[in-house]
Peer 1: 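After the structure tokens below, expect a handful of questions from me.
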Amino acid sequence: MKSFYVTTPIYYVNDVPHIGHSYTTIAADVLGRFWRACGRDVRFLTGTDEHGIKIVKAAAEKQTTPRELADSVHVQFKELWRQLDISNDDFIRTTEPRHEKRVQRIVADMAARDEVYKGKYEGWYDEGQEEYVTESAAREQEFKSAINGRPLVRYSEENWFFRLAKWVPALIKHTEADPRFIQPDARRNEVLSKLKLGVEDLCISRNVAKLPWGIAMPNDPQHVIYVWVDALSNYLTACGLPEIGDEFDRRAEKYWPADVHLIGKDILWFHAVYWPCILLALGRPLPRCVYAHGWWTSEGKKMSKTLGNFISREVIAEICDQYSPDAFRYFLLRAMTFGQDGDFSRDMFKQRYNVELANGVGNLLSRTTNMVDKYFDGLLPAPGEAEPRDDHVRKVAADLAGSVVGLMEALEFHAYLEKIAALTAATNKYIDDTAPFKLAKDPAQKPRLATVLYNCAEALRLILIHLCPVMPSAGRAGLEQLGWPWPQGKTLIELGNWGLLPAGAKTTKGQALFPRKE
Ligand code: MSP
């Protein structure tokens, strides 16, 4: 089966990790885990973006050096990913030699292909975004950053430019021909209309006197490489491309082009325009999909430290302690339609947790294992004759197993979890309707009781195997209670068929998977 390469943005080290970073990383992790479970050879990359003016300024504010800041903050990202059970295969830092040297090679290759030239640049610069703003856009924005409202700064420099404009027609053609390239559709349309308004060449260097914290331009030590060219290149350099004669050469080459670059909507232009044009200029294949997700607000407002609604790494750790990392992962993907904005609120979290996890999956598992324990000594009975009443659960289960691949291909995490919730609700209702506790009172109904409990356990198995990519610990723990650990070497697709749970499996009344929260 085809390999699968998924990336997150590399995160700035000027600030500590928060829910926004966690969101993209969890989504990428779920994709990685899902496709691994389907037998694909997965490469999952994340990392930190450590150069540029933002980092210099943050370091100065904290009275430290950019390097020290990067060294300490990147560890916080790694630590949070460990706590959130993130299964990345690599973590790239843009200050690593393997990256720095390759970025220089990339720019040297661009120069060799006559894709860069030296010119004079004078213009408005958004220091927060590390981006020049055109005169008309600057005027429209009243000479303030469209993102953070801070005044734009006037820069005048002799700089290196990339012939971006030259590649725009090819990019438009590609974006129009391949609807999957930029997703969701609304974002793709935005990019296309902006592209059609015309795009200027891209200034890709900064004067080293103003900004010493960056990768030197090859053949021009007076300049460092623009941080976005540096950062975007990570997706390629982490694959050991281009070759530079070190031990990382071509290490993960087979994964390029990336299957998905997962990003937030604020950095779409860089990924949908600059990055593909650089790749076109280098003659390298383009990523298959750039997917821009929405933003989280918190308790109904834009997240801010002053408002006290900031969901920092500490707040995430507290939520994980109170519930579990799995519950946090579940909520982020379930509560918001991927691609749209959404709101994080503690009340909503608790409510969803109690309804879908504690009363839903958790309750279904404890009811089922309790009854198998009580009526069949903890050994799963073989099912007897099926009755029409049993059809519905099996239909909902088949619908789940039959749709997961398509949903994950489309990155519809919310719909994926919705299908799991639907099977859970249908199975809990099946217990209410078939009333196994009543059947148990009549010895003549024993075969029927066996069928009902087998069906519940089998539905649960399907619920749990599909939950595994989102909730790796709870999924595994639940399967163990069913007496059915994931069989080695079997794929999620093979395991999605009904009826694989063997009669005689030893179930256990284990700890509540999702204890109810008051
Ligand atoms: N360093 C650049 C990315 C370079 S990738 C080649 C960067 N870093 S960042 O740390 O500022 O942001 C990383 C991601 O966090 C972005 O995708 C952004 O959309 C996301 N989020 C930041 N706040 C967010 C929310 N409140 N909600 C959801 N995601 C948000 O940009």
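Ligands are counted one by one from 1 in listed order, and the atoms in each one are counted from 1 as well. In what follows, residues are counted from 1 in the order of the sequence shown.
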Peer 1: For Tyr5, is the NZ or CZ atom of Arg43 found under 6.0 angstrom from the centre of its six-membered ring and inside 45 degrees of the ring axis?
Peer 2: no
Peer 1: Once ring-ring contact (aromatic ring centres under 6.0 Å, His included) is applied, do any residues pair with Phe413, and if so which ones, sequence neighbours excluded?
Peer 2: Phe338
Peer 1: Which atom pairs, nitrogen or oxygen on both sides, join ligand 1 and the protein at under 3.5 angstrom?
Peer 2:
from, atom 1, to, atom 2, distance (Å)
ligand 1, 1 (N), Ile10, O, 2.8
ligand 1, 1 (N), Asp49, OD2, 2.7
ligand 1, 10 (O), Tyr12, N, 3.1
ligand 1, 10 (O), His21, NE2, 3.2
ligand 1, 17 (O), Gly264, N, 2.9
ligand 1, 19 (O), Asp266, OD1, 2.5
ligand 1, 19 (O), Trp295, NE1, 3.1
ligand 1, 26 (N), Trp296, O, 3.1
ligand 1, 27 (N), Trp296, N, 2.9

Peer 1: What pairs with Tyr121 under side chain to side chain contact (heavy atoms under 4.5 Å, CB included), at least two apart in sequence or on another chain?
Peer 2: Tyr132, Asn159, Phe161
Peer 1: Apply ring-ring contact (aromatic ring centres under 6.0 Å, His included) to Tyr330 and list each qualifying residue two or more places apart in sequence or on a separate chain.
Peer 2: none
Peer 1: Does His466 offer a backbone N or O that forms a donor-acceptor pair with the side chain of Tyr416 under 3.5 Å?
Peer 2: yes
Peer 1: Tell me yes or no: between the side chains of Arg313 and Gln76, is some donor less than 3.5 Å from an acceptor?
Peer 2: yes
